[in-house]
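In what follows, chains are A, B, ... by sequence order, proteins preceding strands, each numbered from 1.
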Amino acid sequence: MKTESGDQRIARYGMTIDVDKCTGCGTCAVVCHMENNVPFTVDESDKSRNMAWMRIYKVDNGLDYPHVRVVYFPRPCMQCDHHTPCVSVCPASATNYDGLTGIVDQINTRCIGCRYCMAACPYMVRCFNWWDPVWPKDMEKHLNPDVAPRMRGVVEKCTFCSHRYLKAKDKAHNEGRDYLREDEYVPACVEACPVGAMRFGDLNNPEHAVAQLIQSPRAFRLLENLHTEPKVYYLSSYEWVRKLADNFA
Amino acid sequence: MKMRDISESQRQFALLGGIFAAALVVSLIMGWILFPSLAYARKAQPINYNPPLHVEQIGITCDTCHFFYEDGSWAGIPTLETCVDCHSDIIGASPEEEKFVNEYVKKNREVKWALYVKQPECVSFSHSSHVRMAKIACETCHGPQGHSDPKDYLANRITNYSYVVYDPRVPLNAFTIIRDKGETVWGTMRMDECTACHRSRGTSTACFICHK
Amino acid sequence: MLPTTFEFRWDAGHMIFFGVFYAVVIAIFTSLVYVAVKSIIDVYRDMTARNEANASEHPEHPHEATNEAVIAKS
Amino acid sequence: MTSEHTTPKLERCSRQKFLVWLSVWGLLLAWGLYGAFLCLFKGLNQTGMNNYFVFGLWITVDLAIIALGAGAFFSGFLFYILKVDHLKDLIGAAVVIGFICYSGAIGMLTIDIGQPLRGYFSFWHANVHSMLTEVIFCITCYLFVLTIEFTPLILENKRLSEFPLFKYIGENLHGIMAVFALVGTFLSFFHQGSLGGMFGVLFARPFAYRTGVAIWPWTFFLFILSAIASGPALTTLVVWTTQKVTGKQLVRRSTLSKLAKLSATLFFVYLILKAADTVYWANVTAPQMGFAFTRFYQGPYGMELLFLELFVFGLLPAVLLLIPKAREHDFSLVIGCLFICMGIVLNRFVMTVQTLSIPVLPFEKFVAYAPTWQEWAVAAAVLGYGVIVYSLSYRYLHLFPREHELNA
Amino acid sequence: MNVDRRTFVKGMALAGGGALGIMLSPTPWYLIRDLAFWTQNWPWVPAPAPGEPSFEKSICRICDGGCGINVRKVDMRLVRIDGDKEHPVNQGSICPMGAAALQMLYGPSRTKVPLRRVGPRENPEWRPITWAEAIREVALKVRQLRAAGRPHELACITNSAHSTVNQFFERFLHAVGSRNFMQMNSALEAHSTVLALMQGVDEGIAYDIENARYLLSFGCNLLEGWGACGRMYHAHANRSAHEGGNSLEIVQIEPNLSVTASKASRWIPIKPGTDAALALSIAHVLISDGLYDKTFVERHTFGFEDWKDSDGKRRRGFKSEVLGRYSPRSVELITQVPANVIEEVAHEFAANQPALALGGRCDGSLFAGIYELMAIHSLNALAGNLSRPGGIFLQCDVPLKSLSPVKMDEQAEQGFAIPRSDGAGSKEHPLARHLPHNLDAGKVGVLLIHEVNPSYALPNRKVARAIFEDIPYIVSFSSFIDESSMQADLILPISTPLERWDDHTGAPGIPYPIYGLSHPLVNPLYESRNAGDVLIEIARELGGTIAESFPWNNTVEALRERAAGLYESGTGVIHTAEFSATYMSQTATPTEVKSFPTFSDFWNALVKNCCWSDPQCTTDQLEQTLKTPGKKFEFFSQRLQKTFGYSNDLECMPHYHEPPPNPQGFDLLIMPENLITMADNGLGTPPLLIKQLSNDVLSENDLFVQVNPITAMYQGLKDGESVILESPAGKVRVRIHTFAGVREGVVLIPLGFGHTAYDRFLRNKGVNALEIFDAKMDTVSGLAVWWAVPGKIYKV
């Protein structure tokens, strides 16, 4: 992927989520599951076994009435940079970190379903197809042809809508250019967030909004103590929210 | 007695060796010829469309019927609508075209064309980056599709990958598929062929580019 | 497994891992081939030895003789 | 050594009584196979596992029986390489136990992974940096080595060795068994270690993560040490039970107590190193990752598991078996060996299941795991399969060379 | 098995040779590989076919918000819905319900063919019939009613949208001779009564939130579906000052911590039901500290000071009333909000003009009484914030051409003269237009239900049950099998908004006129039709003046005729966009209506871009918004006095009256909670939204109510325990979830659960909270009041 100026640049796609704005409405998760053909079962209340590429955690500050406050953490895949926990443990190279874009993708046709990557991930991002995904008969019509529905026995996770990166490149190639503008490759959740809490772009590219936002003092990341270097930054002006993001011995 | 004994035990040893060798040969034949041919089913196109006539005599280029949509995605096999531009009714002499017009155009039924290089659903192939950006000619992957008329093609029964031969002189069977894929036999490309080309051109081999 | 697979890179990690792996595999197979060949030779030599024993002593019952001969010899 | 052994007639119980014995364990095997069929046909939702507990009963049993199956390679190593001759009595039994444990473990692993038909992908598209790749390569090779070590025992069966080819193959294999013992030791050294390394490298799971040397975390070496400690203990247990069940004296009593002594000493060394590792981890490694030691033990699996593992199933049996007089009494011998094996099973359980019960995200919660009957069934099937194979090999193969001499 | 040695050896040799041969041939290795490939392409895993990509615009019609949506299509399949960046209401924002609408379009609970009920209403069997038969049957029933001289017994309940199809229903009833056309009450309908009483206008209320700097919200769930949901999300999007937003302060006043309260700049926990007292206390501070807009109050208000009426009787003014009884000190006792907080809020309200005081709890439809809303509205008057940027406006009418007048025959005239059977406009409820929850089922012979679910969503449960017991013949025009259609006699499948022509005027709380026109994006999946077309055919079947009242062939013609009004008005804009066929980039330019040469160009542009709006046309002149006899804002509502003849001054002015004490034993207060992911107006909820519910809201089929941990302790209950929640109106079985955000003594129960129809993903999950609320009627407006109900909790 080249930049406007034409040199082959390493992109590190990242995301910022403004936790103060997020109202926990769930549009990002619904849109993500529509876009990526994530299956659903009749009883979804067993959260230990449901498929959620984007899961929204409702967390309160632990105080009593009336000082209690609630904050919502939408949690996609962190696309960790440093020694990506899941990529380093997968025995069949079914999940790999792409150097040129920074996306950790998942090959669901190579995954042997050993689930070791799920044990390695501290963010509980990965979920396993415990059942064969089944859609009611007519609902198969609204499945997205850009993403192949998975089969049982494989692990899957948020891939930063990598198929949208390809579609954006298709359009760019069709117009004879090889670089992508900031707003051409955007995951479905960022595009659909009704309150504009999520921004997406290349962290290496200073003009992109995310690159500026991660410099702000409001920016923090989940579990920075473990040095997985996640590429999803959260923004909050409240100290108690930032305190929630990590374990302190 | 002695001669007989020696010959008897040697004969017994030779007999065992013979049985072993015979079994070996039979299983080799079955392994190399019988099972592979069982694994591939021989199929034919629903309509015997005559590519040389269209491409060479009439001079239609590939991209009249196979084109890009505006967003760079690939239209692939033309729908009835594209064919009806010329074939609203019978314009040629061949019985196949007559069958096509009566069975499909008149009844407005889409033809279920068989694609020789069809990738399974879990693979995403971007024509835009190959044709527009890398400027690769159609023949590189599709073979001389426009210049010869393959009567039928082989499809693997388990994985339904398909293979076809354009040169009528070359026999199409399981053996030739393994031996000279890419020269005279064309069909569904597997990963090693794609990655070889990607690596030779230095383009990215990120997994999500092909694995949908 | 083979250098032709997509994941294979000629770097230290692969060299060590597959180096050791193929060393072990070769070690096992050479031993097995050695055993197989030696056994076939033994069987062949055993047959010829039995025949000479039959030839020299003309015993009436070839079968028992073979056993005793074997025990005696080893 | 090969020539002087004769194959005297083995006195065994009546075929009819043996069939009853087999059918009991066969039932267990059938029940397990039914459970396995359900898991394969309907999918892994039949188990109690979920997105938190990606590993459950099967991984604990796998790790445990592979660790306990280390008796094969270790006694093989001692007997063939270090020429410890008194092990000659039970080397055959050790190899059979080892074969059962490894083949059972691999059988369970094929059902445990979501796509068994793609199992070979770990070979074909190997990720050499993953500990699990190393485990899969080594376990498969070592199972192959174990089958090679098992074949001479089979070929020495009275009826088979009548065929000259088999007789000679058996003898020649027996001849170069030292090579296979060496290769087996090397392979086992690696995969026992890698099984420990699998959890030691998880730098995102502070409960399991350990620092180490080069790419091997300390659990790599601890798992090897605990495996070679518990292997002989299991062998002693099995041989002792066989003697009790068959009512025959199969090995010299001194061999059993020597083996128990060996196992106890190794176990004692292991406990010291494990205690040191736990202390370092609790005070240095975990706090750096933001976890105080007490934080790990709030949920369903409390501190008592650590106490049980280090003291009740750790120090107690080790000390018990180190006392010569104690080793003489059958009761203390069996209790000691049993507790050592239980200590290893508990350690494997803690490293796999408890690691997954502890939340790493601050707003996640502690979770508990309950296996379903299908999981117990498949585990029981491995036990049934093991007993059946062991009974058959005891009945038809000549496992215990000294059997005649002791029962004459 | 005593095979002798020789054959056994031969067998071994044979096997050995065969095995070696097979191992050396490619068959086993390729078989292993092909089996692995087989697991990658299992036939039972769906494989969505690629196709021609295209994008189309439409209007989301799930709630009245009328957000604009972009629909991505692949060939003729709708694949994804997203907010339309150019639509003036939501500017790209979309709520989760709109995003998952395709799951309802392609869902399993769709009605497919016209069905007639066979067997009793409790467990009906359904016989599919053709459309012709169905239309003939409905026409027959109506003809029988007219023959029996009881045309007024034809009634219709439809949704609260201002759409042409709803006008068709009203027109049909009018032509047949019945006044009983009822629409479900919309979210901000109560505010229309307030405007009628205090400003003498009969329009909907509108708030200019984009230009406001301070929102004083009395329990409004601004971020969970209040008003036009997409618009509120967009306002919240650029609210924060970090990225150059206009730093809109939100102060949320409500007993329990909602999402809005958590995101608000400040949350003021208040005793439930005492909002009016707090509002008047804030007014007290404004007046006593002289912070109110004196010029506006003097020139444009009435009843502020004490005054004498026409026959010389002294009347108390608003000022003396407020100063007398609502000092912060005394209101602190009523509302348990500290006095200094009241003063702070009042000063903030005055300082951060333009400020807005918003009423209407939950999604805007719940209120304790009209006087409470009048109290809140009077704050806006005190701030002089009427028809000013950032203030209160009225919803402007869209200049559509009205349909030709209805032709009525003599029988229709008779029926039309008979008063409505729901009591709207009668002596008891003079101000109300639609009161479906007050329908007297005995007086109805044939009921048409169009795209609503009264059996589930009517707050008055007695009436909801009576409808389906006493009304002999019910026709359900519905796209989904919901509770009401399950108990109807005839189900007529109606195309969903994505499959039909439909329009929608205005959006709750939007000051300028907006007109949304949605066209079919896909051919109807099943034998469903547009409700308008069905009515036209029924009218034709009936013939006479009824047929003449429907001169069009189909609904599109009527839409086209009405849209001509827009063209002739020459005002407003259409955001014409060219799609460059990817997700994001679409260039759109607002083009003036004048710039279209012919009406058909205008019509094509309107169909393609689905939205006409006129941002300039707002009621920014006081004359437009004050139409009382004295052209003034009336603190003392003369209309209230005239229509109800109240003698006591207090009853004509905003005041707080103590709610009746709880009945014996019911010491807790049950309040409804409005989840953004659940459709509480009786519509179905798609499966992907039910997936979003956390397992402390719904666990398997058990619904959780939220209680404060201390209250739970007093009641001796533990978190997660099964309990019976009982109110004077009914009891339901739920489970407890303790949450510190709920006020002590309050039980919060979510709405939208307990469906018995729809599909297996929604059926039998949780309980319908309305069962225990059983609404009463507001004395003044007649609207349903069910913001809370006393209740008790005990173990199962």
Original post:
Using a cut-off of under 4.5 Å for heavy-atom pairs, which of T159(A), I107(A), D98(A) has the most such pairs with chain B?
Top reply: I107(A)
Subject >> Most contacts with chain A, counted as non-hydrogen pairs under 4.5 angstrom, among P120(B), S128(B), A134(B) >> reply: S128(B)
Subject >> Which portion of R150(A) sits near chain B, non-hydrogen atoms under 4.5 angstrom >> reply: neither
**OP:** Report the C-alpha distance between R164(A) and E35(A) in whole Å, list the side-chain angles of each, state the deciding distance to 0.1 Å, and finish with yes or no for side-chain contact (heavy atoms from CB on, under 4.5 Å).
**Re:** CA-CA 10 Å; R164(A) 284 184 158 213; E35(A) 175 88 10; 3.1 Å; yes
**OP:** Could you please spell out the steps behind the side-chain hydrogen bond (donor to acceptor under 3.5 Å, both in side chains) verdict for T95(A) and R126(A)?
**Re:** CA-CA 11 Å; T95(A) 178; R126(A) 298 169 151 278; 3.0 Å; yes
Original post:
Under 3.5 Å, is there a donor-acceptor pair linking the side chains of N156(B) and Y163(B)?
Top reply: no
Original post:
Does the side chain of E156(A) pick up a donor-acceptor pair with the side chain of N108(A) at under 3.5 Å?
Top reply: no
Original post:
Looking at H127(B), K212(B), E121(B), which one has more heavy-atom pairs under 4.5 Å with chain A than the rest?
Top reply: K212(B)
Original post:
Is chain A contacted by the side chain of F208(B), its backbone, both, or neither, given a heavy-atom distance below 4.5 Å?
Top reply: both
Original post:
Does the side-chain contact (heavy atoms from CB on, under 4.5 Å) test come out yes or no for E193(B) and R190(B), once each step is laid out?
Top reply: CA-CA 6 Å; E193(B) 296 162 78; R190(B) 272 197 307 286; 4.1 Å; yes
Original post:
What part of P149(A) lies closer than 4.5 angstrom to a heavy atom of chain B: side chain, backbone, both or neither?
Top reply: neither
Original post:
What about Y185(A) and F160(A), are their ring centers closer than 6.0 Å?
Top reply: no
Original post:
Among C207(B), C122(B), A206(B), S73(B), which has the most heavy-atom pairs under 4.5 Å with chain A?
Top reply: C207(B)
**OP:** Please look at D170(A) and chain B and tell me whether the side chain, the backbone, both or neither of the residue comes under 4.5 angstrom of a heavy atom of that chain.
**Re:** both
**OP:** Let me know if S204(B) has heavy atoms under 4.5 Å from chain A in its side chain, its backbone, both or neither.
**Re:** both
Subject >> Q145(B) side chain to Y166(B) side chain, donor-acceptor N/O pair below 3.5 angstrom >> reply: yes
